[in-house]
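Please read the structure below before turning to the comments.
Order of the sequence lines fixes the chain letters, A, B, ..., with proteins taken first and strands second; residue numbering starts at 1 for each chain.
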Amino acid sequence: MNGFGYAVDALAAWLAGGEPGWIALTIAVLAVWVVPILLLVFPIAALGQILERKIAAAIQRRVGPSSAGLDGPLRFGFRVLLFFLPRARQDRIFAAFCNLRPVRSLLLVSRRLGLGQFVADGIKMLGKEDIVPTGADGIVFRLAPYLALAGAFLPFCVVPFGQHLVMLETEVAALFAIAVSGIVVVALKMAGWGSGSKWSLLGGMRAVAQLVSYEVPIGLAVGGVVLWCGTMDLHAIVGQQYEPGVFSLLGWNVVQSPFLATLAAVFFIAGLAECQRSPFDMAEAESELVSGFNTEYSGLRWGLFAMAEYTEMLLIGALLATLFFGGYQSPIGEEWIVGLPVWLEVPIHGAILGVKVVTVFLVMMWIRWTLPRFRVDQVMRLSWLVLVPMCLVSMFGLAVTLLAAGGTHAGEAFGRVASRPRPDLHWLGHLAAWAVPVAIGACLVVMAKKKHGQVHPALQRLTGGRS
Amino acid sequence: MILAWIHDVVEAVQSCVSGMRTTGRFLVENLRGEGGAMSATREYPEQPAEVVGDRQRGHLVNDADRCIVCHACDTVCPVDCFKMDGERDGDNKMRASRFDIDLSKCIYCGLCVRACPTDSLSMTRTFEMDPQHEGKRFLFRRNSKQVDVRFDAPEMERLHALAAQPREALSAEDRAWLDARIDDRGQHLIGIYGLGFFTPEQKAEADAAREAKKKAKDAAAAAAKAKAAAAAAAAAPKPASVPAPAAGATPAAPAAPPAAPGAPPATKSGPDAASGGSPTP
Amino acid sequence: MSAVANDAIATAVLAQFPAVQQKHADNGRAFLLVPKGDLVAVAHFLRTQKSLRFDALMDLTAYDLLKYPSTPPSDDIAVVYLLFSYQHRHKVTLKVLAPRAECEVATVSGEWPAALYFEREVFDLFGVRFPGHPSLRRIMTPDDWQGHPLRKDYLYPDSYHGVAHLRDGQHFEGSPPRGGDTP
Amino acid sequence: MTIEASTPSGERMTLNMGPHHPATHGVLRIVVESDGEVVATCTPDHGYLHRSIEKIGECVEWPMFVPYTDRVDYVCAMNANLAYCIAAEKLLQSDPANTFVVPRRGECIRVLVAELNRISSHLVAVGAMAMDVGAYTPFLHGIAQREGVNDIFEKLCGQRLTYNYVTIGGVAYDLYDTAIDEIRRFLDQFEREMVRFNKLVTTNTIFRDRCASVATVSAAEAIAWGLVGPNLRGSGVDFDLRRDEPYGIYGELGVQVPVGQAFAGRKGSVGDAYDRYVVRLLEILESIRLCRAVLELLPPAAAKANDPIGGWQADVGKQVKRPPKGEVHVRTEAPRGEMGYFLVSDGTKALFRVRCRTGSFTAAGIFHHVMRGIFLADVVAVIGSFDIVVPEIDR
C-alpha cells in the first residue's frame, strides 16, 4: 500500500462516513488519481505541442509561434482573482503588475517563444464547430476520441512516479500497461470507420495493422526485461535497478547487457510506431491520406486525438525510462534523495522521471522532423523481419547470459519498495556479458559491410565524398 | 542473407543518425542565429519585405506631365490595361487628359516601361498595394461601367479630397458623387493619371532614377565618344567603363540628399529609402 | 548512330509510299505531306525501318488553315507530327490534312503511346477525331464544353453554366447565344 | 515493389485524389481505383489550370507573348522565356533580310540565368518529392536556398517568379554591378548546403527504399511514351539537348549528362523513382559547374548597365516587326525536359499558331501506365519523381 492507496481509502471513508461504498470509492479515486494525473499530463502534452512547433521551426529555419504570449492568460487570471473590483481598476492593477521589470521581460520572452499559443489553440479548438459528416456513424464517430484518450491515459496508472507515487501497484503492471494501451487500436479503427470517408477508412486500417503488428515487438521487449528481472511489477523493476553508491547509473537495465540495450532501442522504435509518430505516421500521412483517421474531425474532438498522441508519447517515454533507464531514480546515487523528507523526495523523484520522459519526447520530435515516412509494407517488414527477430535474439541472449551468470540472488533494495532478486553478475561476468555479444556483432557488421557496403560513386559525390 | 540483413540494419541506423546529426546542426545553428538561419522567413506585416535592386517592378505609375499619349504602351501591353485620352494644350503639345491603368489586369511585365519613349511610365520600387490603406488616395476600385467615366482636373482633385476622408464624414451629395465614380466592391483597381505616385517621395525617387539614367546615358555616350576619339585603344575602355555602371547602379545616389530627409518620417518608405540611398553591397 | 539527311528520309519514304509528297513551308522548312489513308503505314515504316528508326514522337499538334493566306485557300486542319530518332538523332515532320467537314485522322498511338495524350489534346482543341484511340476525351476543357477553341472560326461563349466570362454584362463579339446562360 | 500487389480481391474503391490534395502540386486530379492499399487503375484528370496560353499566343502580337511564357512554367520562367525567344529568333532569321545576332554577352547571360533557374526549379522538385514522401524539413531548406536564386533574379529583372527577362534578340537588362560576385557567393554556399541536404534525405535509407523500384520506366518505354529531360535520363537514355543539339553557348561548355544507373543499389532498378530523383540532384551539380564556366566566359560589360542587351527588343512598341511567313520548330532543355515551340506565322503581327510542348505533359501521360499495381502511398512519390508542374500540363 502506498501513499495513493492510503489517500484513497481515507478520502472514501471520510466521504462515506464509515465503510465506503462504490460511489464514495469512485469519487475518491477520481479525486486522488484521475484528476491530478490529468492536471499533470494535460499541460505537459499541451506544452509539448508548443515545443514541437518551436523545434520544427528551428530545424526548418523558421521562427515558429512568436506572437501569442502569456499576457492574455495572465490578464484573465487577474480578472478572476480581482473579480470584486471594477474592471478599470483590475486593468490598472494588471498594467502596474506587467510594468514590473522582471514581469515585463518575462512576458516579452513568452511572446517571443509563443508560450501562449497553446492557450490560444485550446480556446480556438473549443470554439470551433463540431462537425459530424453526413455519412458518418454518429455514435462511433463521437466516441472514438475519448477512447483514444482513455487508452493513452490508463497505462499511467501503473507507472511509478516515485517511491510513494504509484496508483495501482500490481504484480502484472507491465502486462496491464501493454494491454490497456491496446484500446487505442479500437479507437482509431472506430474513428476511421465512423467517419464515413475513404481517406479515414484507409487511415484507420493502416493504424490497426500497424498498432497490432507493433504490439508484438513491444511485448517481446517487455518480455526480455521481465525475463531479466523475474517480475512484471513495474515498481519492482525500478527497485531492482537500484545500485548503491554514486554510480547508480550502473544499475540501470540498459547497461546490464547489450541485449537489454537492443531491447531498449526496439522498444523505442516500436513505441514510436505505437504513437503514430513519424516515420510511422502512415495512419495520418498528410501527403497521402490527407490526414488519415482524423481527416473528418474538427474542434475539440480533433484536439482530443492530438492530446492522445502527445500523451502516448509521454507514456512511451515513461515506460522506456521505467523499464530500461532506472525509472525515477537519479543517475548519481539515490541515497541523498531517499533520506529526504517525503514532501521533498516525491517531487524530486517525479522531476527526475520527468527529465527522462521529456528527453525521449524531444528525441521523438527530432526524429519526426528528420526522417521520411515508411510505406505500409515497409512498416510491416520492419516489425516482423527486423524488430521481432532482434527481440528473439536478444531474449535468447539474455537467457544465455542468465544461465552463464549462474542464477540470481536477492539484490539490495531501498526504501519502502519491496524489491525482488536480480541477476547477480560478478564484474568479470558483466564484462563478458558485454564483450562477447559486442565482439560477435562487430564481426558480423564488418563482414556485412565488406560484402554489401559499396555505395554508388554518384551518391558519394552528392554527399561530399563520403557516403 | 543474414549479412545482407545486418547490412541493411546497420545502414539504416547510420543514415538515420547522419540525418539526425544534420537536423541537429540546423537546430543549433538556428538557435544561435548563425548562417543567416533565422532570416529564411520574415514575419511579414511587422517586418516588411525588403526591396532589393533598383529594377524592382512594383507599381506601374505614369508621370502625366511627361506623357505624350503616343500609345506605345497601349500597343505593347499584352493584357490591354491602359485607357488613355489626349488633348493638345496651349503649346500644341499632346497632354494626357486621362490615363487609367487597370491594375487588376496589369501583369507587371514591364514591357510598357521599356516601350515608353519619354520615360513617363515607370515602376516603383515599393509594391505594397492596399487600397484600404496607403493606396487609398491613388487606387480606386471601380466597376466596368465606371471605368469609362473620365475625370477632368478639378474633378480629380475633388475625388482625391473626398476619397481621403472617411465615408461617414461626407455629405450626402458628396457621397452620391463619389459613388457614381468609385465603387469599393468594383473589380477594376485603377491607378489614375497624374497623381499615380503614391507619395511625393516616390515621385522624387522616380525623378532621380530618370536623372541618373540620363546621366549614365550621357556618360556612356561621352565615353564612347572619348573612346572613339582616343587613339590609345588599351587605355580607353577602363576609364570609360568604370564610371558609367557606378552611376547606373546607384540611381538615387546623386539625387538622394533632397529626397532622403523627407523619407524617414513616412512610415512605409523608410526601409525603401534606406536601401535606395545606399548602394547595394 | 548515323543521322540521315532530310532529303534522304524523304526519298526513303517516297520510295515506299508514292502518295506522300515532300513539301516546304513558306520559309523553306521541309515536311512530308502524308495522305490521310497512308498515315499509320507511314508511321509504322518510319518507326521500324532500321536506317530511320523514329522511335520518339517529339510532338503532335495541329493548326487550322482556315485563315492562313495560302494559295489555294484551304479550310483543312493540318495535323503535324514531329518525329525524332534517339538512335540516329535525326528528325522529320509529317503533316496530314484533315478536311473540316469530316475531321478524322487515324491514331498513331499504336506506334507511339505518347500520342495518346497529344491526340486527346488535338481532339479537344481542334476537334480532330482519331479513330482507334482508346479514350478520346476532352483533356483541357471540361467534358461538356462546346466547340474547339483553337479553330479559327471559334466563337467565345459568353458564359459557362451561368458563370459569365466577362465582367459586368459585357459580351464577346459574335458570341453564340446559349440557352439559359444569359448573364 | 509490386509483390503482394497483384492479387485482386475484386472489391475496389474509387478515391478522388485532388484537385485539392496536399500532394498533387497544384490542381491536378487523379481518380484512383484501389484495391485496399493497392492501386488498380489511375486516371489523371487535367484542365483545372488550363489558361489557353496557346490561344492567347494567336491573339497578342508576337513579342508580347513573352510574358505569357512565364506563366507556362512558373517554376522555371527563365527557361520558358528562353525557349520561346529562341524559337522566335529562329523564325526571324529564316527571313534572309533579318541578319541580327544575339550579342555574345547576351548569350552568356541567357545561359547563366537558365542554369540558375534550373537549380531553383530542381530544388523545388527534389524538395517537394521529399515532402511527399514524408520528410518535411528538406523541402523548406530547398525553398530557403531557392530564395538565393530569387534574390539574384529580383535584382536582375525586378521580379521573383515571372521574370520576363529573356527577350527576343537578347536579354532585358545587363547584369547589375555586383551580380557576378553575388552569383559566385551563392554558388559556393549553395554547394556546401547541398551536401547537407543530401545527407539529410538522399542517402537516407527510408527515403531510398521508398523510391527504389517504384514506377520503373525502361529506356524503350521512356522514349516511346515521350518522356523528356531528367525523366528520360533517369531511365538511362543518354540524351540532353544542351549537349546533343546545343543552342546558345552550350556547345562551348561541354555539358556532362548524368543518367540513371540504379543508384539505389541492389534494391533499385534503372529508371525507378530514385534514379529520376538522383539525376535531378546531379544536374544541380552540373548546373553549378556550368554557371561557373559561363562566368568565366562572360565578355566585359557594355557601358550602360540598365539597358537591354540585344537590339531587337528595343524597338518593341514603336514598330513591332512582322515575322516572316513560315513555320519553325525549336526545342530547348528546360528543367522538366524538352520545351519545344512550334510556331506558324502567316506574316501578320500575331503568330498564326503557337504550340508549346512541355515535359510535364508527356510525364502526366505516362501516369496511368506506371501507376498500376503500386501502393497508394507510392502515388505521391511517383508524382513527385516525375516533377510535374500543373500549369505546364494544362497551359
Side-chain angles (χ1 to χ4, degrees), chain A residues 55-62 197-203 205-206 209 277-292 295 366-382 386 451-467, chain D residues 1 3-5 13-17 20-23 34 36-37 130-141 144 191-192 194-204 206-211 214 258 261-266 278-279 281-282 284-285 375-381 384:
Chain A
I55 286 180
I59 284 179
Q60 298 168 347
R61 299 194 178 175
R62 297 187 282 113
S197 148
K198 289 168 196 166
W199 300 116
S200 303
L201 181 64
L202 277 172
M205 295 299 294
R206 283 182 176 191
R277 292 286 295 184
S278 176
F280 300 98
D281 58 343
M282 306 125 48
E284 47 186 302
E286 78 281 343
S287 65
E288 299 155 19
L289 298 185
V290 188
S291 193
T295 307
W366 185 7
I367 287 180
R368 171 164 183 187
W369 299 110
T370 305
L371 298 184
R373 185 181 303 121
F374 280 108
R375 199 170 52 203
V376 190
D377 60 324
Q378 288 168 346
V379 164
M380 292 296 148
R381 201 163 295 159
L382 179 69
V386 178
K451 185 148 183 243
H452 297 284
Q454 60 279 64
V455 180
H456 199 286
L459 293 184
Q460 277 182 354
R461 196 176 144 219
L462 283 176
T463 45
R466 297 188 327 240
S467 66
Chain D
M1 295 299 245
I3 14 146
E4 302 93 314
M13 67 177 164
T14 309
L15 279 169
N16 207 344
M17 226 175 186
H20 299 293
H21 185 276
S34 79
E37 281 275 345
M131 186 171 69
D132 288 348
V133 171
Y136 199 79
T137 305
F139 175 70
L140 291 168
H141 283 274
E191 210 171 21
R192 282 197 303 278
M194 269 327 271
V195 172
R196 302 214 286 187
F197 181 95
N198 290 323
K199 276 188 183 158
L200 179 56
V201 60
T202 309
T203 51
N204 187 289
I206 302 174
F207 178 80
R208 195 194 62 197
D209 290 359
R210 270 297 294 270
C211 307
V214 165
Q261 299 164 2
F263 293 114
R266 72 194 139 87
V278 172
V279 161
L281 285 171
L282 292 172
I284 289 180
L285 294 190
F375 281 101
L376 202 57
D378 287 335
V379 171
V380 291

Report summary line: Counting heavy-atom pairs under 4.5 angstrom with chain A, the leader among D:Val380, D:Leu281, D:Leu15 is D:Leu15
Report task. Go through D:Leu282, D:Leu200, D:Val201 and name the one with the most non-hydrogen pairs under 4.5 angstrom from chain A. Result -> D:Leu282
Query raised in the report: Say you draw a straight line from CZ of D:Phe263 to CZ of D:Arg208; how long is it, rounded to the nearest 0.5 Å?
Result: 13.5 Å
Query - Interchain contact, D:Gln261 with chain A, by part (heavy-atom threshold 4.5 Å) - result: both
Query raised in the report: Just wondering, are more than 12 heavy atoms of other shown residues or ligands nearer than 6.0 Å to OH in D:Tyr136?
Result: no
Query raised in the report: Side chain, backbone, both or neither: which part of D:Arg196 has an atom under 4.5 Å from a heavy atom of chain A?
Result: side chain
Report summary line: d(A:Asp377 CG, D:Asp378 CG) to nearest 0.5 Å is 7.5 Å
Query raised in the report: Contact part of D:Thr202 toward chain A, heavy-atom cut-off under 4.5 Å: side chain, backbone, both or neither?
Result: side chain
**Report entry** Side chain / backbone / both / neither for D:Val133 at chain A, heavy atoms under 4.5 Å
**Finding:** both
Query raised in the report: Considering only heavy atoms, which portion of A:Gln378 lies under 4.5 Å from any heavy atom of chain D: side chain, backbone, both, or neither?
Result: side chain
Requested in this report: Calculate, to the nearest 0.5 Å, the distance between atoms CD and OG1 belonging to A:Gln460 and D:Thr203 respectively.
Outcome: 11.0 Å
Query raised in the report: Contact part of D:Met131 toward chain A, heavy-atom cut-off under 4.5 Å: side chain, backbone, both or neither?
Result: backbone
Query raised in the report: Checking A:Arg206 against chain D: side chain, backbone, both or neither under 4.5 Å from a heavy atom?
Result: side chain
**Report entry** Euclidean distance, D:Asn204 CG relative to D:Arg210 CZ, rounded to 0.5 Å
**Finding:** 11.5 Å
Query raised in the report: Between A:His456 (side chain) and D:Ala262 (backbone), is there a donor-acceptor pair under 3.5 Å?
Result: no
Query raised in the report: Within the side chain of D:Thr137, is there an N or O that forms a donor-acceptor pair under 3.5 Å with the backbone of A:Trp369?
Result: yes
